[in-house]
S.K.: 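Handing you this structure, nothing more for now.
Source: prediction; values computed, not measured.
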Amino acid sequence: MKHLGLELRHIFFNHLSGELKVTFGPIEKNLYFKEGELVFARTNQPGERLGEILFKLGKISEETFLRIEEYVIPHQNLGQVLLKKGLVSERNLREGLIYQIKEITLNLFNIFEANFLFEENKSYQSPIGEEIRIPTPQMIEDGIRLMKVHPKLVAFLEEKVPFIKNKTFLHVLTDEERELLTKITGKSSARALLKMSELTGDHFWRTLYLFYCLDLIDFFGEEVHWKKKEKEEKEAELSSDLNEILEIQTKIATLNYYEVLGIARNASEEEIKKAYFHLARRYHPDRFGREIDPAWRDKINDVFNSLTKAYKTLIDSDSRRKYDLTLAGAGEVEEKSSAAKAEIKFRQARTLFNRGRYEEAVILLEECVRLVPNKAEYRLLLAMAEAKIPALHKKAELDFLRVQELEPWNVEAYVGLGLLYKEEGLLIKASKQWQKALSIDPDHKIARLELGKIEISKKKKGFFSFFKKGK
């Protein structure tokens, strides 16, 4: 979640000096800090400009306000110009500036989609000479108490587990808020605390957020979420590895030793070692833990033992020569070895692709298509992986088209190329690919969904305005 409260918390409690740039659509604001405290602010919003503020507060006359544009001089502060011309007193100017800084800042608290950029500058000096220092915790308190509760705020807080951190700003809390603070034990999530609290929903979420931004509490939630995600990723990785083990185990009895290790018939001793130790690390029984199901344990042992037997046979020159004599013929062995090597690399690449490691997958898949150039399955996955990497989009297009040549009935080649064209903004080309896909498989969900989106957009924007981006 991006919100001013989080930015002010970070700046104040780290005693930072510098400029916080805030943009949201046409809104542009700049907040300036010295040692964590707010000292100045700029805005492009008419109602928050100094002239309007001074007039609204009665600090300048109507005549001065109506001529305010005459006093705007590039690279000079309006307040200082008005002061020098005797149009505002020093006291009134100071009160107006304080009001303006607060107004600019407080109006940002209801925005939950703004972009923030803080540029630290330890030697920052106020552009108006004499410094105004507005306590940042005061702005945090006022802003949060006045803001509306946004769904993003609830989503940010509800799964986290708060714990008491310090009591520095305890004095700003109401009796109800202090009562809520006593219920925070570090064991209950924010959602559970809501049920125990006497505060209403919006009041509760504002109060909990106020606690956090004033550093009264911190959260276990980030750590808990990270551990849960890590556990899920490990379980998914284990499941993927076990499926790969099963696939290899069902084929390994039909492979020769070169195919088992995924190496060429003329592989050197170094290549044999490298291939074996790579596969041994990947499929070693200890890697899967002791709690694995016994049925899976047998399959893992079977694969690992086959790898080890192949390695021991081929690494010894005498046993390798004898083994070679048992093979049907050098040409047949070489051809089968290339196919087997490509198949193993393809399985590894598919696993990498499913884990989002697209660059590594591309390297293996390029080797696959080198070994077996006309296998559409290999080239399709290569194109899909390249499509995930912006720098390889042109190459992905060529590979999708090659798959369409090899297998004109392969619907995924048309859908994938359509998605690639869509990402590049080539909507007419994308539409044509999805239409071809539906001519092969009228029920293909992705192709039908994407074409449906285009139809909806055409109705909203008009046919020609929508397709003017196509090439």
S.K.: Please test E360 against R357 for salt bridge (Lys or Arg N to Asp or Glu O under 4.0 Å), starting from the C-alpha separation and ending with a verdict.
M.R.: CA-CA 6 Å; E360 297 172 65; R357 294 161 63 178; 2.9 Å; yes
S.K.: Can you tell if the side chain of E19 reaches within under 4.5 Å of the side chain of F40, non-hydrogen atoms only?
M.R.: no
S.K.: Show me the pairs that pass ring pair (Phe, Tyr, Trp, His ring centres under 6.0 Å) and involve residues 160-193, at least two apart or across chains.
M.R.: F163-F220
S.K.: Please determine whether a side-chain nitrogen of the Lys or Arg among R370 and E366 lies less than 4.0 Å from a carboxylate oxygen of the Asp or Glu.
M.R.: no
S.K.: Contact between R350 and N354 at the side-chain level, heavy atoms closer than 4.5 Å - yes or no?
M.R.: yes
S.K.: Is there a side-chain contact between L153 and M147, using heavy atoms and a 4.5 Å cut-off?
M.R.: yes
S.K.: So, for L57 and G96, which heavy atoms are closest and what is the spacing to 0.1 Å?
M.R.: CD1-CA, 4.0 Å
S.K.: Output, in order, the C-alpha distance, side-chain angles, deciding distance and verdict of side-chain hydrogen bond (donor to acceptor under 3.5 Å, both in side chains) for T200 and D202.
M.R.: CA-CA 6 Å; T200 60; D202 284 2; over 6 Å; no
S.K.: State whether R145 and E177 are salt-bridged, where the test is any N-O pair (Lys NZ or Arg NE/NH1/NH2 against Asp/Glu carboxylate O) under 4.0 Å.
M.R.: yes
S.K.: Within the distance-only criterion (no hydrogens, no angle test), does the side chain of N44 pair as donor or acceptor with the backbone N or O of E28 below 3.5 angstrom?
M.R.: yes
S.K.: Looking only at non-hydrogen atoms, find the nearest pair between V39 and I101 and report the distance.
M.R.: O-CD1, 3.7 Å
S.K.: Should I217 and N166 be marked as a side chain to side chain contact (heavy atoms under 4.5 Å, CB included) after you check the CA-CA gap, both sets of side-chain angles, and the distance that decides it?
M.R.: CA-CA 7 Å; I217 63 171; N166 67 60; over 6 Å; no
S.K.: Is it true that a side-chain atom of N92 and a backbone atom of V88 form a donor plus acceptor pair closer than 3.5 Å?
M.R.: no
S.K.: Can you give me the closest heavy-atom contact between G47 and E52, atom names plus distance?
M.R.: O-CB, 4.2 Å
S.K.: Can you list everything that forms a side-chain contact (heavy atoms from CB on, under 4.5 Å) with E198? Sequence neighbours excluded, please.
M.R.: none
S.K.: Determine, step by step, whether K85 and V81 satisfy the side chain to side chain contact (heavy atoms under 4.5 Å, CB included) criterion, reporting the C-alpha distance in whole Å, the side-chain angles of both residues, the deciding distance to 0.1 Å, and the verdict.
M.R.: CA-CA 6 Å; K85 291 183 176 292; V81 173; 4.0 Å; yes
S.K.: What side-chain donor-acceptor pairs closer than 3.5 Å can you find for residues 389-401, not counting sequence neighbours?
M.R.:
from : atom 1 : to   : atom 2 : distance (Å)
H393 : ND1    : E424 : OE2    : 2.5
H393 : NE2    : A387 : O      : 2.9
K394 : NZ     : E397 : OE1    : 3.0
K395 : NZ     : E386 : OE2    : 3.0
K395 : NZ     : D399 : OD2    : 2.9
E397 : OE2    : Y421 : OH     : 2.7
D399 : OD1    : R379 : NH1    : 2.9

S.K.: If you define the side chain from C-beta out and look only at heavy atoms, does anything of R49 sit under 4.5 Å from I53?
M.R.: no
S.K.: Restricting to side chain to side chain donor-acceptor pair (under 3.5 Å), what partner residues turn up for K422, sequence neighbours left out?
M.R.: E450
S.K.: Working to the nearest 0.5 angstrom, can you tell me the gap between M384 CE and L420 CG?
M.R.: 12.0 Å
S.K.: Taking atom CG of L181 and atom CD of E176, what is their separation to the nearest 0.5 Å?
M.R.: 13.5 Å
S.K.: Evaluate K388 against E359 for salt bridge (Lys or Arg N to Asp or Glu O under 4.0 Å), listing each step before the verdict.
M.R.: CA-CA 9 Å; K388 300 289 186 179; E359 291 86 354; over 6 Å; no
S.K.: What are the two closest heavy atoms between L78 and G51, and how far apart are they?
M.R.: CD2-N, 3.9 Å
S.K.: Is there side-chain contact between F33 and L8, with at least one heavy-atom pair below 4.5 Å?
M.R.: yes
S.K.: Salt-bridge test for D215 and R9: reply yes if a basic N is under 4.0 Å from a carboxylate O, no otherwise.
M.R.: yes
S.K.: Distance check, rounded to the nearest 0.5 Å: E37 atom CD versus L16 atom CG?
M.R.: 12.5 Å
S.K.: Please report the interatomic distance OH(Y71) to NZ(K84), rounded to the nearest 0.5 Å.
M.R.: 15.0 Å
S.K.: I'd like to check the side-chain contact (heavy atoms from CB on, under 4.5 Å) partners of D286; sequence neighbours left out, ordered by chain and number.
M.R.: H284
S.K.: For the residue pair Y378 and F346, categorise the inter-ring angle as parallel (less than 30°), tilted (30 to 60°) or perpendicular (more than 60°).
M.R.: tilted
S.K.: Please report the interatomic distance OG(S89) to CG(L82), rounded to the nearest 0.5 Å.
M.R.: 11.0 Å
S.K.: Quick one: does T136's side chain have a donor or acceptor within less than 3.5 Å of a partner on G36's backbone?
M.R.: yes
S.K.: If you measure from CD1 on I132 to CD on E95, what distance do you get to the nearest 0.5 Å?
M.R.: 10.5 Å
S.K.: Does H3 have its ring centroid less than 6.0 Å away from the ring centroid of F109?
M.R.: yes
S.K.: Below 4.5 Å, heavy atoms only, C-beta onward: do L194 and L199 meet side chain to side chain?
M.R.: no
S.K.: Could you walk me through whether E48 and K29 pass the salt bridge (Lys or Arg N to Asp or Glu O under 4.0 Å) test, one step at a time?
M.R.: CA-CA 10 Å; E48 297 172 348; K29 299 189 182 188; 2.9 Å; yes
S.K.: Which pairs would a plain distance check flag for residues 183-193, meaning a side-chain donor or acceptor within less than 3.5 Å of a matching protein atom at least two apart in sequence or in another chain?
M.R.:
from : atom 1 : to   : atom 2 : distance (Å)
T185 : OG1    : K187 : N      : 3.4
S189 : OG     : A192 : N      : 3.2
R191 : NH2    : E158 : OE1    : 2.5

S.K.: Within the side chain of T64, is there an N or O that forms a donor-acceptor pair under 3.5 Å with the backbone of I60?
M.R.: no
S.K.: Would you mind telling me which of L4, L108, L31, T23 makes a side-chain contact (heavy atoms from CB on, under 4.5 Å) with F116?
M.R.: L4
S.K.: Take atom CD in E62; do more than 12 heavy atoms of anything else shown fall under 6.0 Å from it?
M.R.: no
S.K.: What pair of heavy atoms forms the shortest contact from V403 to A376, and how long is it?
M.R.: CG2-O, 4.0 Å
S.K.: Given side chains that start at C-beta, do those of T174 and R178 come closer than 4.5 Å, heavy atoms only?
M.R.: no
S.K.: Minimum heavy-atom separation for A349 to L365, with atom names?
M.R.: CB-CG, 3.5 Å
S.K.: Heavy-atom count around Q138 CD within 6.0 Å, excluding the residue itself: above 12?
M.R.: yes
S.K.: Would you find more than 12 non-hydrogen atoms of other residues, nucleotides or ligands less than 6.0 Å from L106 atom CG?
M.R.: yes
S.K.: Do F112 and F24 have side-chain heavy atoms sitting under 4.5 Å apart?
M.R.: no
S.K.: For S197 and L180, indicate whether the former's side chain and the latter's backbone hold a donor-acceptor pair under 3.5 Å.
M.R.: no
S.K.: I'd like to know if the side chain of R133 reaches the main chain of L38, judged simply by a donor and an acceptor atom lying under 3.5 Å from each other, with no hydrogens or angles considered.
M.R.: no
